[in-house]
Amino acid sequence: MAWRNAYTIDKLKQQLDTTYPGWSFLGTKGDAAHQAVPSDHNPNAAGVVTAIDIGGGGGLNIHQLAGRLASNPHPDLKYIISNKRIAEWQYGFKWRAYNGSDPHDTHIHVSVGRGSDGQSKQPYDDKTNWAIKPE
């Protein structure tokens, strides 16, 4: 199946490339482990991947970025996982404990859209800028 990234994920990546040259792009489309479970790293029914993993570098503090994204969420943002915490759309992006197998302490995960993991539906193609710069 042909697949593509959600346009809003590409917009976030483009902004990070411009603002933090040298940041670590850890990927969008999932590996075999992701493909074995429901994940936004897998293409949805429309063939769209709605997640990105972001590492540090280039002056980017990933956990501070996660805080900025949660406090000023993009219209398409579904949830963020960062440093054993998760901030989700349906809970007003308030941080809660995250107990998944990966604590996301060396990278952050950003998902867009609405719906269950791996089955996200629109909105995920809004090209509005993300709030990635410190205020």
Side-chain angles (χ1 to χ4, degrees):
M1 169 200 283
W3 66 277
R4 69 170 175 88
N5 291 330
Y7 297 145
T8 193
I9 292 292
D10 285 342
K11 181 65 176 183
L12 176 57
K13 184 180 180 306
Q14 174 192 40
Q15 285 183 255
L16 290 168
D17 287 343
T18 301
T19 307
Y20 300 103
W23 72 283
S24 297
F25 170 64
L26 302 178
T28 56
K29 188 166 188 261
D31 58 12
H34 283 96
Q35 293 169 21
V37 298
S39 171
D40 285 340
H41 286 293
N42 300 326
N44 65 12
V48 178
V49 174
T50 59
I52 185 171
D53 286 337
I54 299 169
L60 174 62
N61 180 310
I62 54 173
H63 302 301
Q64 287 178 359
L65 173 64
R68 284 193 298 275
L69 297 179
S71 64
N72 190 5
H74 186 278
D76 290 357
L77 185 60
K78 181 164 119 178
Y79 65 85
I80 309 156
I81 305 172
S82 169
N83 207 18
K84 301 178 188 173
R85 304 175 306 156
I86 186 169
E88 300 171 272
W89 171 79
Q90 67 262 37
Y91 297 108
F93 296 108
K94 303 295 182 211
W95 289 107
R96 301 180 309 123
Y98 176 75
N99 299 311
S101 60
D102 182 340
H104 294 76
D105 53 357
T106 61
H107 73 284
I108 65 172
H109 171 97
V110 176
S111 279
V112 297
R114 299 292 180 266
S116 302
D117 282 356
Q119 299 176 22
S120 287
K121 294 180 173 37
Q122 293 283 2
Y124 53 67
D125 281 335
D126 185 327
K127 296 179 185 175
T128 301
N129 282 336
W130 290 75
I132 66 166
K133 294 181 183 179
E135 296 177 356

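Side chains included, hydrogens not; waters and symmetry mates left out as well; all remaining heavy atoms used.
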According to the interplanar angle, ranging from 0 to 90°, do the rings of His41 and His109 count as parallel (below 30°), tilted (30 to 60°) or perpendicular (above 60°)?
perpendicular

Is the ring pair His107/His104 parallel, tilted or perpendicular, if the boundaries are 30 and 60 degrees?
tilted

Considering non-hydrogen atoms only, spot the tightest contact between [X] and [Y] and give its length.
{"X": "Asn72", "Y": "Ala131", "answer": "ND2-CB, 3.3 Å"}
{"X": "Asp40", "Y": "Ser111", "answer": "OD2-OG, 2.9 Å"}
{"X": "Trp95", "Y": "Ala66", "answer": "CZ2-O, 3.6 Å"}

By side-chain hydrogen bond (donor to acceptor under 3.5 Å, both in side chains) - contacts of Gln122 (at least two apart)
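Testing Gln122 for side-chain hydrogen bond (donor to acceptor under 3.5 Å, both in side chains), a comparison that skips the adjacent residues, returns Asp125.
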
What residues form a side-chain hydrogen bond (donor to acceptor under 3.5 Å, both in side chains) with Tyr98, not counting sequence neighbours?
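Result, side-chain hydrogen bond (donor to acceptor under 3.5 Å, both in side chains) vs Tyr98: none returned.
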
Kindly say whether [Y] contributes a backbone atom to a donor-acceptor pair with the side chain of [X] at under 3.5 angstrom?
{"X": "Thr28", "Y": "Ile52", "value": "no"}
{"X": "Trp130", "Y": "Thr8", "value": "yes"}
{"X": "Asp76", "Y": "Asp126", "value": "yes"}
{"X": "Lys78", "Y": "Gly115", "value": "yes"}
{"X": "Arg68", "Y": "Pro73", "value": "no"}

Heavy-atom check, side chain of [X] versus side chain of [Y], under 4.5 Å:
{"X": "Leu16", "Y": "Phe25", "answer": "no"}
{"X": "Leu12", "Y": "Val112", "answer": "no"}
{"X": "Ile9", "Y": "Val49", "answer": "no"}
{"X": "Leu69", "Y": "His74", "answer": "no"}

Measure the CG-OH distance between Leu77 and Tyr124 for me, rounded to the nearest 0.5 Å.
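Going from the CG atom of Leu77 to the OH atom of Tyr124 covers 16.0 Å.
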
Passing option when Asn83 is tested against Asp105, Thr106, Ile108 for side chain to side chain contact (heavy atoms under 4.5 Å, CB included):
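Running side chain to side chain contact (heavy atoms under 4.5 Å, CB included) over Asp105, Thr106, Ile108 with Asn83 returns exactly one hit, Asp105.
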
Result for side-chain hydrogen bond (donor to acceptor under 3.5 Å, both in side chains) between Asp17 and one of Gln14, Gln15, Lys13 points to Lys13

